[in-house]
Amino acid sequence: MGGPSTIPEVHDFLSRLFHDHDLIPLPMQSFLAPVIARRRTPQIEKQYTEIGGGSPILKWTKIQGEAMCALLDEMNPATAPHKPYVAFRYAKTLTEDCVDEMRRDGVQRAVAFTQYPQYSCSTTGSSLNELYRVAKAKGWGGSGEVEWSVLDRWPQHPGLIEAFAHNIKTTLATYPEDKRNDVVILFSAHSLPLDIVNRGDPYTAEVAATVYAVMQKLGFSNPYRLTWQSKVGPKAWQGPQTASAIEGYAKQGTKDICLVPIAFTSDHIETLYELDIEVKEEADKLGVNLTRAASLNDSPIFIRALADLMSNHLKSYDQGAPPTGRQLLLRCPGCNNPKCAKTKDWLASGGKNIAA
Ligand SMILES: C=CC1=C(C)c2cc3[nH]c(cc4nc(cc5[nH]c(cc1n2)c(C)c5CCC(=O)O)C(CCC(=O)O)=C4C)c(C)c3C=C
Ligand code: FES
Ligand SMILES: [Fe+2]
């Protein structure tokens with residue numbers, strides 16, 4: 001997805017986001033998207049200003065990619081050297097610029113590695129559809145110049161689970177020992193509109209799978225719930241919302257809550273503004289002592305997990321595994337987006353067969 005690194009980039013970021021029919025299918029999209037983007041820009045600019053003048057997502061993604069590749073060069077000398085490229089959906093580096101850069105470098109073998117641990121057609125699906133669109137438009141996919149494979153989801157990778165559990169334990173350790181196990185752990189994920197959930201999107205189930213695995217790793221030491229944040233617009237979204245869950249628990253007498261962002265691997269506006277400023281202020285008013293587990297960012301456990309995932313992926317590919325997992329090839333039962341079918345066929349062929 002990416003985020004604007006500076007305030008002047010906010011408008012273009014929002015404009016691309018609202019033009020994305022895979023994320024937000026609007027009627028008369030090319031007319032409405034610029035209107036909504038323009039109307040929303042001042043408020044979002046203010047939020048990015050409050051978190052230091054931009055999104056740190058590019059910084060973290062580069063750090064993670066470079067550190068992962070340094071480890072991979074040691075773990076997998078057979079496929080070295082490894083080089084990370086960033087393909088954001090709505091901010092720089094955009095997928096089209098990333099593809100140009102890869103082409104200039106003469107890349108012959110590439111892995112599309114989603115940085116969303118849990119798969120949603122609105123996020124990873126949209127990014128893969130964009131990769132297909134760009135490759136086709138530039139005559140790159142299907143040209144035989146490059147061989148693609150895909151790492152499309154990793155909601156329960158043991159290293160990911162360990163990295164989350166480690167950061168949670170670090171935060172819980174700040175509580176007095178006699179209160180520590182009573183702290184309610186509130187896992188918070190970006191919500192989805194219910195029509196997307198009901199279309200059969202895998203995200204809700206995969207986020208829940210991550211949460212359960214983390215709690216298992218923690219030995220179910222604390223009571224916990226999964227709640228959903230960042231609802232936008234008038235539609236019905238997956239609930240309960242994180243802010244109302246805190247309100248509900250405050251009414252029930254809960255004093256200590258530890259928030260855990262579970263569907264992003266680095267900080268951005270949803271953690272730094274929505275959780276740390278907006279939700280925190282509300283919790284203070286309700287008399288709830290709210291803490292937050294750190295995002296994974298440059299966690300060495302997490303970076304080792306990325307390298308391990310990629311190393312296993314490259315090794316099994318070299319031993320004859322297909323370019324994509326089976327799960328990527330199954331469309332949502334309610335999918336009526338023809339782009340999904342074309343992208344999946346293209347990826348199943350390792351980026352070799354482009355549809356006419
Ligand atoms: C797992 C992550 C995300 C899912 C799933 C997701 C779905 C989703 N989002 C919107 C609408 C908006 N999202 C916006 C910002 C935004 N979204 C995510 C992640 C997920 N979105 C991130 C990381 C960010 C912020 C990037 C940053 O730099 O911090 C925005 C823009 C901000 C705003 O206007 O409030 C919108 C709009 C929908 C409709 C959707 C599912 C269909
Ligand atoms: S919307 Fe899920 S596969 Fe098309
Ligand atoms: Fe979003």
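The basis for the numbers below is simple: all heavy atoms, side chains too, and nothing from hydrogens, waters or symmetry mates. We count ligands from 1, going down the list as the structure has it; atoms in each ligand are counted the same way. The model shown is predicted, which means the values in this text are computed figures rather than measured ones.
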Check whether any side-chain N or O of [X] sits under 3.5 Å from a backbone N or O of [Y] as a donor-acceptor pair, and report yes or no.
X: Q156; Y: A209; result: yes
X: R89; Y: M1; result: no
X: D73; Y: H82; result: yes
X: D105; Y: V107; result: no

Tell me whether [X] is salt-bridged to [Y], with the criterion being a basic N under 4.0 Å from an acidic carboxylate O.
X: K280; Y: D284; answer: yes
X: K59; Y: D267; answer: no
X: E96; Y: K138; answer: no
X: K285; Y: E281; answer: no

May I have every N or O pair linking ligand 1 to the protein at under 3.5 Å, one per line with atom names and distance?
| residue | atom | partner | partner atom | Å |
| --- | --- | --- | --- | --- |
| ligand 1 | 9 (N) | H190 | NE2 | 3.4 |
| ligand 1 | 17 (N) | H190 | NE2 | 3.3 |
| ligand 1 | 21 (N) | H190 | NE2 | 3.1 |
| ligand 1 | 28 (O) | Y48 | OH | 2.6 |
| ligand 1 | 28 (O) | S55 | OG | 3.0 |
| ligand 1 | 29 (O) | Y48 | OH | 3.3 |
| ligand 1 | 29 (O) | I269 | N | 2.7 |
| ligand 1 | 34 (O) | R40 | NE | 2.4 |
| ligand 1 | 34 (O) | R40 | NH2 | 3.4 |
| ligand 1 | 35 (O) | R40 | NE | 3.4 |
| ligand 1 | 35 (O) | R40 | NH2 | 2.8 |

Open item on the list: For Y119, does the six-membered ring have the charged nitrogen or CZ of R153 within the cation-pi criterion, i.e. under 6.0 angstrom from the centroid and within 45° of the normal?
Closed with: yes
TODO: Name all residues meeting the ring pair (Phe, Tyr, Trp, His ring centres under 6.0 Å) criterion together with Y249; count only those two or more places apart in sequence or in a different chain, and write none if there are none.
DONE: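 Y249 satisfies ring pair (Phe, Tyr, Trp, His ring centres under 6.0 Å) with no other residue.
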- [ ] State which residue, out of I257, T171, L172, fulfils the side chain to side chain contact (heavy atoms under 4.5 Å, CB included) condition with I185.
- [x] L172
TODO: Assert yes or no for the condition that the ring centre distance of F18 to Y90 is strictly below 6.0 Å.
DONE: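 Between F18 and Y90, the centre distance exceeds or equals 6.0 Å.
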Task: Aromatic ring proximity W154/F113, centre distance under 6.0 Å - done: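 Judged by ring-centre distance (under 6.0 Å), W154 and F113 do meet the cut-off.
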Task: the Fe ion (ligand 3): protein N, O or S atoms that are less than 2.8 Å away, sorted by chain - done: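 Near the Fe ion (ligand 3), the protein supplies H190 NE2.
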Task: Shell of residues surrounding ligand 2, defined by a 4.0 angstrom heavy-atom cut-off that is strict - done: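 Only C121, R199, R331, C332, C335, C340, K344 have heavy atoms that fall under 4.0 Å of ligand 2, ordered by chain and number.
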